[in-house]
Amino acid sequence: MRRALLVAAAITALSCTPRNPPSTPTPANPPAAPPPAPPASPAPAPPSAAPQGLRLGPSALRYMAHQSLHAEQELQGQTQVIVRGTRLFVTAIVVGPADSLGYRLTFTVDSIALDSGTTVPPTVDISAARGLVYDGRLTPSGVSKLTLVSDSTRAAPFVQLLGLLQTLYPHLPTAGLILGAEWTDTTTTDDRVVLDVKRRSINHSRAATWEDRAGIRALRLDVTSTYNVSGSGSQLNQPVEVTGSGTGTAHYFIAADGRYLGGEGTDSSTITVRFPYQSAVIPATRILRSTTILLP
């Protein structure tokens, strides 16, 4: 039992999605249907004609978000390797015009698929995620907040999905993104899936260049981050403490008409999980690779 407790808590810490939000959506009753798709966006303008201060705008797009985790942790003199990979297929609808809270944002889960060799607990049926609807707001600068979920019971096993959806879009300057712009900011976010883990990140961003992304002219945003994590919680009434640090790199692509075209990133960290009452320490390393692709 003790070994199972240690392993469960360590895996939980390793699996935390970076920049998870602190809130949980409220179930909608009855489920809210997605809003109708907005009219098709006009063809993107060439870079020379792109508006100054590029912002996210209305769209109706489908994405495939792939995440692969490779982690190693030491436990009682043995090294345990954790390899997981998931693919999320989702439809994102952003409806304008924006008001003081931003655009209406709706995510509909089309399906979740597991990479070869990845397993889930037998009590989790990944097909149950199909059709889940998350509803909220998206600001033109890329800050999203999801406040409703169509079925909270069905969504419960997929709680980390919420963090992925709320961090799908890149964060842009309030005044908009301009080629060559650079800035540094600090963000503090929480992951409260099981352990209450806080992540403080220093992010340096740069609008690097115009290039083709899936045949569409797009402005590439490069982001590098360094961060620290700390937190605590309990497993089976036993206290657990988590500390660590890491680095991340990401590239995002935004079309001239405000559509988000996808991106990719890598997040590497070193985590230590402590069990004070049992004088147990579990050191671990984690590499999380993420890719978001715009689907036809």
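A side chain to side chain contact (heavy atoms under 4.5 Å, CB included) with Thr247 is found for one member of Thr226, Thr266, Thr224 and no other, namely Thr226.
Looking at Ser150, its side chain does come within 3.5 Å of a backbone N or O of Val133 through a donor-acceptor pair. Judged by distance alone, with hydrogens and angles left aside, the side-chain atoms of Thr118 form a donor-acceptor pair with the main-chain N or O of Gly85 at under 3.5 Å. Between the Arg55 side chain and the Ala175 main chain, a donor and an acceptor come within less than 3.5 Å of each other. Of the possible polar contacts, none joining the Arg220 side chain to the Ala218 backbone as a donor-acceptor pair under 3.5 Å is found.
The shortest side-chain heavy-atom distance between Gln73 and Val273 does not fall under the 4.5 Å cut-off. Looking at Leu61 and Tyr260, their side chains never come closer than 4.5 Å, going by heavy atoms from C-beta outward. In this structure, the side chains of Tyr63 and Leu294 come closer than 4.5 Å at one or more pairs of heavy atoms. Residues Leu105 and Arg137 form no side-chain contact, since every pair of their non-hydrogen atoms from C-beta on lies 4.5 Å or further apart. Contact check for Leu177 versus Ile254: side-chain heavy atoms found under the 4.5 Å cut-off. Proximity of Phe275 to Val240: side-chain heavy atoms (C-beta onward) are separated by under 4.5 Å at one or more points. Within the 4.5 Å cutoff, the side chain of Phe158 has no heavy atoms near those of the Val109 side chain. Side-chain atoms of Ile93 and Thr108, non-hydrogen and from C-beta on, never get closer than 4.5 Å to each other.
Linking Ile, Leu, Val, Met, Phe, Trp and Tyr residues whenever their side-chain heavy atoms come within less than 4.5 Å leaves Val143 and Trp183 in two separate clusters. Transitive grouping of hydrophobic side chains (ILVMFWY, heavy atoms separated by less than 4.5 Å) keeps Ile216 and Ile293 in distinct clusters. Tracing side-chain contacts under 4.5 Å through hydrophobic residues (I, L, V, M, F, W, Y), one reaches Val223 starting from Leu56; they form part of the same cluster. By the rule that hydrophobic residues join a cluster once side-chain heavy atoms approach within less than 4.5 Å of another member, Leu261 and Leu179 end up as members of one cluster. Both Leu132 and Leu114 belong to a single network of hydrophobic side chains, linked directly or stepwise wherever heavy atoms of I, L, V, M, F, W or Y lie under 4.5 Å apart.
Across every non-hydrogen atom of Ser201 and Ser225, the tightest pair is OG-CB, 3.6 Å. Val229 approaches Arg199 most closely through the heavy-atom pair CG1-CB, 3.9 Å. In terms of heavy atoms, Gly263 sits closest to Phe253 at CA-CD1, 4.1 Å. Here the closest non-hydrogen pair linking Pro170 and Leu221 is CB-CD2, 4.1 Å. Here the closest non-hydrogen pair linking Arg130 and Ser111 is NH2-CB, 4.0 Å. Of all heavy-atom pairs between Thr292 and Arg213, the closest is O-NH2, 3.3 Å.
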Using side-chain contact (heavy atoms from CB on, under 4.5 Å), reason through Ser144 and Leu168 one step at a time and then give a plain yes or no. CA-CA 9 Å; Ser144 58; Leu168 182 73; over 6 Å; no
Asp267 and Tyr227: side-chain contact (heavy atoms from CB on, under 4.5 Å), yes or no, with the steps? CA-CA 10 Å; Asp267 188 285; Tyr227 62 88; 2.5 Å; yes
Assess the residue pair Gln166 and Tyr134 against the criterion (side-chain contact (heavy atoms from CB on, under 4.5 Å)); give the C-alpha distance rounded to whole Å, side-chain angles, the decisive distance to 0.1 Å, and a yes or no. CA-CA 10 Å; Gln166 290 205 122; Tyr134 294 84; over 6 Å; no
Check the pair Thr187 / Asn203 against side-chain contact (heavy atoms from CB on, under 4.5 Å), numbers first and verdict last. CA-CA 8 Å; Thr187 57; Asn203 315 298; 3.3 Å; yes
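One finds a salt bridge joining Asp115 and Arg87 here, because a Lys/Arg side-chain nitrogen approaches an Asp/Glu carboxylate oxygen to under 4.0 Å. The pair Arg104-Asp99 does not meet the salt-bridge criterion, since no charged nitrogen lies less than 4.0 angstrom from a carboxylate oxygen.
Rounded to the nearest 0.5 angstrom, Thr106 OG1 and Asp135 CG are separated by 4.0 Å. Taken from CG in Leu138 to CG in Leu146, the straight-line distance is 9.5 Å, to the nearest 0.5 Å. The line from CG of Asp196 to OG of Ser230 is 9.0 Å long, rounded to the nearest 0.5 Å. Summarising the geometry, atom OG belonging to Ser68 is positioned 6.5 Å from atom CG belonging to Leu288; distances are rounded to the nearest 0.5 Å. Taking CG from Leu164 and OG1 from Thr86, the interatomic distance works out to 7.5 Å, rounded to the nearest 0.5 Å. How far CG of Leu75 is from CD of Glu72: 14.0 Å, rounded to the nearest 0.5 Å.
Open room surrounds CZ on Arg289; 12 or fewer heavy atoms of other groups in view lie less than 6.0 Å from it.
Side-chain N/O atoms of Asn228 and Ser245 include no donor and acceptor closer than 3.5 Å.
Judged as a salt bridge (Lys or Arg N to Asp or Glu O under 4.0 Å), the pairs with a partner in residues 59-68 (not counting sequence neighbours) are, in order, Arg62-Asp110.
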